[in-house]
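Beneath this line is the structure, given in structure tokens, with notes to follow.
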Amino acid sequence: MTASGNDAAFPAARPRRLRRGPALRRLVAETRVLPRNLVLPMFVKEGITEPVAISSMPGQVQHTRDSLRKAAHEAAAAGVGGLMLFGIPAHKDERGSGADDPDGIVQAALRDLAAEVGDDLVVMADLCLCEYTSHGHCGPLETGGHVDNDLTLERYASVAAAQAEAGAAVVAPSGMMDGQVAAIRAGLDRAGFGQVPILAYAAKYASSFYGPFREAAEGAPQFGDRSGYQQDPANVREALREVALDVAEGADMVMVKPGLAYLDIVAKVAEASPVPVSAYQVSGEYAMIEAAAERGWIDRERAIVETLTSYRRAGAEQVLTYWATEAALLLR
Ligand code: PBG
């Protein structure tokens with residue numbers, strides 16, 4: 001008896017029998033979203049005294065160190081599994097010096113979070129340079145404007161060590177440079193952080209759905225776009241290759257990003273990957289649902305739970321979502 005056809009036919013087969021009432025539906029549900037599967041991305045900005053609202057992401061803010069700590073405690077109390085921290089420095093330069101400054105905003109905030117909620121959830125640091133470079137690209141440039149891959153690797157290794165030193169429990173490289181996982185692994189090991197895992201943004205597409213994030217993290221490229229390093233939405237095989245390369249370089253977990261328009265990729269990566277798979281419900285996905293809900297065109301809470309369920313159904317163990325705290329409370 002399989003779904004492909006040897007099943008009994010109507011009237012013996014009546015799939016609706018199992019849909020009669022919430023208790024039965026709950027009993028036979030194949031997929032569950034648990035609060036501990038959720039990871040909350042957060043932004044912390046240097047030099048502000050009040051949180052700053054992000055207009056394209058209603059309900060989300062750029063945090064002060066204090067408001068970040070408060071929101072992290074709320075996430076921990078709701079049972080959220082992890083945090084993903086992004087920093088916005090007061091000063092940017094060509095090489096993104098703020099990213100590995102031991103006194104930089106991310107390192108300061110990581111120290112706060114590791115001390116206060118580090119036992120309750122997993123404090124992760126996004127590892128990229130686009131929020132720190134004056135040109136908004138994910139690494140230093142070569143003449144001609146392309147990101148210099150191998151020079152960027154040296155920077156990433158240094159950033160990883162600074163983040164681990166500040167208390168990051170996991171570092172998550174998102175810049176899509178070739179060899180970044182190997183370089184970061186070596187950098188961490190050299191600095192004595194052999195136990196710090198790497199969550200590799202392995203299959204990251206050049207996506208329109210990052211639009212609101214670029215306001216949130218103030219990391220929009222000042223010229224050009226990221227298609228020189230992020231993947232083409234047309235490609236599947238390339239994603240599987242990126243995942244295999246990252247795993248071979250030492251990735252402990254891999255991520256697919258964005259999620260909703262790439263659930264086929266999530267499913268294929270989940271099937272092929274020997275390590276846990278995360279998926280990122282990105283800023284544009286958040287903004288679409290918030291905007292439609294605000295107009296009364298969609299039931300916001302149902303849409304949140306339904307989309308998170310679709311990620312888990314596709315095979316992601318962890319889902320990064322800006323709704324993590326609220327969803328964790330809804331799901332309890
Ligand atoms: C930085 C980075 C981006 C996101 C996460 N890390 C932006 C980008 O690549 O342009 C997007 C997250 C989101 O849209 O929610 N490399």
Side-chain angles (χ1 to χ4, degrees), residues 38-44 54-62 82-89 92 96 98-99 106 124-133 135-140 147 149 152-153 155-156 159-160 163 168 170-178 180-181 184 198-233 242 246 254-262 278-291 304 307-308 311 316 318-324:
L38 304 176
V39 175
L40 175 66
M42 308 176 90
F43 306 102
V44 63
I54 302 164
S55 62
S56 52
M57 298 177 73
Q60 300 298 310
V61 300
Q62 296 174 325
L83 309 175
M84 178 68 77
L85 191 63
F86 294 89
I88 307 149
K92 306 188 186 223
V106 160
M124 309 192 231
D126 180 88
L127 199 173
C128 196
L129 292 173
C130 56
E131 301 103 47
Y132 302 89
T133 52
H135 43 73
H137 280 285
C138 298
V147 175
N149 192 90
T152 301
L153 299 185
R155 298 285 303 122
Y156 286 0
V159 176
Q163 292 178 337
V170 172
V171 298
S174 63
M176 290 300 283
M177 296 301 131
D178 294 336
Q180 64 183 17
V181 173
I184 288 165
I198 298 174
L199 165 55
Y201 287 69
K204 178 171 175 181
Y205 287 87
S207 172
S208 61
F209 291 104
Y210 306 149
F213 175 92
R214 291 179 182 169
E215 177 196 345
E218 301 178 16
Q222 297 305 302
F223 65 90
D225 59 28
R226 300 207 206 290
S227 55
Y229 38 105
Q230 298 179 348
Q231 282 179 227
D232 184 338
E242 285 281 6
D246 282 2
V254 291
M255 193 196 297
V256 174
K257 180 183 170 190
L260 211 51
Y262 297 84
S278 302
Y280 199 141
Q281 183 171 53
V282 300
S283 58
E285 303 176 42
Y286 177 92
M288 282 196 300
I289 290 174
E290 288 289 342
I304 293 171
T307 52
L308 292 174
Y311 277 83
Q318 302 84 32
V319 186
L320 285 86
T321 175
Y322 298 98
W323 288 301

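Ligands are counted one by one from 1 in listed order, and the atoms in each one are counted from 1 as well. All figures in this text were calculated on a predicted structure; none of them were measured in a lab.
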Test F43 against F213 for ring-ring contact (aromatic ring centres under 6.0 Å, His included), laying out the working first.
-> CA-CA 10 Å; F43 306 102; F213 175 92; 5.5 Å; yes
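A distance of 4.0 Å separates CE in M176 from CD in E242, rounded to the nearest 0.5 Å.
In terms of heavy atoms, T152 sits closest to V147 at OG1-CG1, 3.4 Å. Considering every non-hydrogen atom in both Y322 and S283, the closest pair reads CE1-N, 3.6 Å.
Residue-ligand proximity, Y280 to ligand 1, at heavy-atom distances under 4.0 Å covers atoms 12 (C), 15 (O). The contact set between ligand 1 and F86, taken as ligand atoms under 4.0 Å from a residue heavy atom, comprises 5 (C), 6 (N). Atoms of ligand 1 lying under 4.0 Å from any heavy atom of S174, numbered from 1 in the order shown and given with element: 1 (C), 6 (N), 16 (N). When each atom of ligand 1 is checked for a heavy atom of Y322 under 4.0 Å away, the hits are 12 (C), 13 (C), 15 (O). If you number the atoms of ligand 1 from 1 as listed, the ones under 4.0 Å from a heavy atom of C128 come out as 16 (N). Distances below 4.0 Å separate heavy atoms of D126 from the following atoms of ligand 1: 6 (N). Heavy-atom proximity to Q230, at under 4.0 Å, picks out these atoms of ligand 1: 8 (C), 9 (O).
For the pair R214 and ligand 1, a heavy-atom separation below 4.0 Å is found.
For the pair Q281 (side chain) and L260 (backbone), a donor-acceptor distance under 3.5 Å is absent.
Taking the centre of each ring, Y280 and Y262 stay at or above the 6.0 Å mark.
Nearest protein heavy-atom neighbour of atom 4 (C) of ligand 1: K257 NZ, 2.6 Å. The shortest contact between atom 1 (C) of ligand 1 and any protein heavy atom is with C130 SG, 3.3 Å. The protein non-hydrogen atom at the shortest distance from atom 3 (C) of ligand 1 is F213 CE2, 3.3 Å.
Between S283 and ligand 1, at least one N/O pair is under 3.5 Å apart.
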